[in-house]
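Remember, it's 1-based here, ligands and their atoms both numbered in the order they're listed. Here the structure is a predicted model, which means the values were calculated and not measured.
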Amino acid sequence: MARRRDPGDGREPSALDQVAGNGLLNRRMLLGRGMVLAGAATGVAASAASAGAEPLADAEWSRHQGTTSKDVDPRSRFEDKVKRTLSNPNGEPRTQHARTPHHLLNGTVTPNHLHFTIVHTGAPDIDPSQHKLVIHGLVKQPMVFTLDKLARYPMESRMAFVECGGNSAPMFSPEPVQANVQAIHGLVSNAEWTGVRLSTLLEETGVDPKAKWFIAEGADKSALSRSVPLKKAMDDALIALYQNGERIMPGNGYPMRLLVPGFEGNMNVKYLRRIQLTDQPAMTFHESRNYSPVLPDGTAYKFYFINEVKSFITNPSFGLNLKEPGYYEISGVAYSGTGRISRVAVSADGGVSWADAALQGPLNPKAFTRFHMPWHWNGGPAVLASRAWDEAGNVQPMRSEFVATRGQTKQPVKNLLGFPNQHYNSITSWGVDSKGEITNVYI
Ligand SMILES: Nc1nc2c(c(=O)[nH]1)N[C@H]1C(S)=C(S)[C@@H](COP(=O)(O)O)O[C@H]1N2
Ligand SMILES: [Mo]
């Protein structure tokens with residue numbers, strides 16, 4: 001190679017390597033990263049280089065027989081801080097939220113024990129051998145399915161995110177809330193779900209031509225129920241039985257849930273026990289009150305099913321301050337309830353200039369896509385932001401565009417649960433000051 005790539009030798013990156021303002025680097029840096037870090041004069045790279053010069057001494061843990069495998073393996077004790085944050089830790093009889101620590105994860109799959117949950121009346125302790133799913137209403141032949149019976153139908157797996165309509169609601173505040181990505185965006189997660197297509201079961205029951213909707217109901221105390229257009233059943237709705245390869249977690253709907261990929265979390269009815277085909281929506285509590293976003297003029301959406309295109313940077317982000325100037329990878333997740341992510345742009349100068357990030361494949365529709373952007377922080381102020389596009393051509397709005405149509409709260413809101421509005425999808429920006437401290441800022 002004729003020319004050394006900076007900042008491998010600690011110098012500022014050359015003009016050729018810069019693709020946008022304030023140190024965003026060409027994506028080919030991602031390929032040559034081992035070389036970049038090994039040669040760097042600062043940080044991780046410096047200590048990695050000097051370690052290589054000394055003989056490798058056995059640490060304490062290299063000298064003894066290790067621990068014995070357990071039938072269910074716990075994580076390393078050093079990972080104890082990687083956990084969900086709870087809105088109702090004492091289990092009071094009200095809604096509880098557990099938020100995913102996105103800033104401490106990588107890749108696209110949310111581990112089952114860290115998948116976010118919202119349960120309005122607690123997770124029921126369902127005996128799978130007793131649980132039944134009934135499909136009735138405008139069908140030719142009502143049917144009852146036990147778990148055993150369902151498990152004999154053809155199954156399929158798909159990656160899908162589930163996102164609460166209330167995710168990111170702190171961003172409705174007119175002042176940026178100083179909280180981390182877990183507090184702001186922790187009500188979305190992504191998993192591989194396996195189950196039986198609802199359309200497969202409806203082929204068995206037959207569908208009355210008058211049917212236009214189906215109403216899904218859960219077996220928990222709240223008997224949460226939502227109306228879904230029948231078209232979704234014929235498209236990609238799944239009766240999910242497995243989550244990342246194992247049976248669904250109790251918090252996520254054990255032993256079965258409705259998965260309506262790309263539709264707001266609340267419609268993904270957990271502990272599913274009933275599907276009724278109807279000619280009109282039921283206008284249940286959750287669809288007529290909680291999940292109808294209100295507009296600035298006081299009117300409200302009747303329905304708002306799709307979680308629109310969105311992205312956020314998980315690293316660097318609030319709470320993960322930068323220790324010294326040098327090379328960093330900006331990384332985060334993008335997703336759209338409409339389909340695949342087609343492009344993510346990143347800015348390091350608060351939206352003055354943008355460069356396209358590398359998208360990590362496979363690009364699954366209605367699922368997380370991780371993006372990567374190489375960056376050289378010169379130690380000065382920076383504002384990091386990401387903006388996503390989906391294959392249908394939808395673009396994540398700038399905050400000013402979003403607020404103009406969807407509004408914001410009148411007062412800054414301190415309580416993270418006190419935000420009344422839904423479906424926030426504009427861009428998140430992290431301000432970096434010259435000490436490397438990161439705050440939430442608006443651009
Ligand atoms: N039966 C039932 N289904 C439910 C809920 C519930 O409390 N009970 N919560 C809903 C809400 S508000 C959301 S956002 C999603 C969350 O799914 P998760 O807990 O698997 O992340 O489940 C939905 N399905
Ligand atoms: Mo939700």
Side-chain angles (χ1 to χ4, degrees), residues 84-88 91-102 109-126 131 133 159-169 182 185-195 215-228 237-244 246-275 282 284-293 303-307 335 337 367-368 416-417 419-424:
R84 303 185 301 184
T85 44
L86 307 175
S87 67
N88 181 2
E92 288 156 19
R94 58 180 168 91
T95 297
Q96 43 195 305
H97 311 68
R99 290 176 155 82
T100 297
H102 290 295
V109 175
T110 312
N112 286 346
H113 56 280
L114 297 174
H115 197 286
F116 93 91
T117 65
I118 298 185
V119 270
H120 296 291
T121 49
D125 183 29
I126 296 179
H131 183 81
L133 169 65
M159 300 297 298
F161 73 84
V162 174
E163 180 178 41
C164 179
N167 193 34
S168 320
Q182 177 171 25
H185 300 303
L187 297 179
V188 61
S189 298
N190 191 67
E192 184 202 65
W193 301 94
T194 302
I215 298 158
E217 181 190 75
D220 48 344
K221 183 162 183 293
S222 68
L224 185 134
S225 63
R226 286 294 305 257
S227 313
V228 186
L238 205 64
I239 309 299
L241 307 177
Y242 294 86
Q243 175 182 1
N244 292 329
E246 63 178 342
R247 289 283 190 191
I248 290 179
M249 298 291 279
N252 302 110
Y254 185 87
M256 62 181 77
R257 82 176 305 168
L258 176 66
L259 185 78
V260 279
F263 279 12
E264 67 179 3
N266 191 268
M267 301 172 78
N268 294 264
V269 175
K270 304 189 275 195
Y271 323 112
L272 185 68
R273 72 169 175 196
R274 196 156 76 95
I275 286 183
T284 67
F285 172 80
H286 285 287
E287 62 205 39
S288 56
R289 179 186 173 278
N290 266 23
Y291 287 90
S292 311
F303 297 113
Y304 205 122
F305 296 145
I306 290 180
N307 288 123
Y335 51 98
F368 277 9
L416 282 173
L417 297 175
F419 293 84
N421 230 326
Q422 303 280 328
H423 285 268
Y424 191 99

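Figure legend: R257 and Y271 shown without cation-pi pairing, the cationic atom not lying both under 6.0 angstrom from the six-membered ring centre and within 45 degrees of its axis.
A distance of 11.0 Å separates CG of N268 from CD of E163, quoted to the nearest 0.5 Å.
Taking the six-membered ring where tryptophan is involved, the planes of F305 and F263 are essentially parallel, since the angle between them stays under 30° and well short of 60°. Using cut-offs of 30° and 60° on the angle between ring planes, the pair W193 and H115 is perpendicular.
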When you check ligand 1 against the protein, what N or O pairs turn up below 3.5 Å? List the atom names and distances, or just say none.
| from | atom 1 | to | atom 2 | distance (Å) |
| --- | --- | --- | --- | --- |
| ligand 1 | 1 (N) | D220 | OD1 | 3.0 |
| ligand 1 | 1 (N) | D220 | OD2 | 3.2 |
| ligand 1 | 1 (N) | K270 | O | 3.0 |
| ligand 1 | 3 (N) | K270 | N | 2.9 |
| ligand 1 | 7 (O) | H120 | N | 2.9 |
| ligand 1 | 8 (N) | D220 | OD2 | 2.6 |
| ligand 1 | 9 (N) | I118 | O | 3.1 |
| ligand 1 | 17 (O) | R257 | NH2 | 3.1 |
| ligand 1 | 19 (O) | I118 | N | 3.2 |
| ligand 1 | 19 (O) | K270 | NZ | 2.5 |
| ligand 1 | 20 (O) | N252 | ND2 | 2.8 |
| ligand 1 | 20 (O) | R257 | NH1 | 2.7 |
| ligand 1 | 20 (O) | R257 | NH2 | 3.3 |
| ligand 1 | 21 (O) | H115 | ND1 | 3.4 |
| ligand 1 | 21 (O) | F116 | O | 2.7 |
| ligand 1 | 24 (N) | N268 | O | 3.2 |

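A side chain to side chain contact (heavy atoms under 4.5 Å, CB included) with N244 is found for one member of T194, T110, V109 and no other, namely V109.
Here S227 pairs with W213, I215, P281, A282, E287 under the side chain to side chain contact (heavy atoms under 4.5 Å, CB included) rule; sequence neighbours left out.
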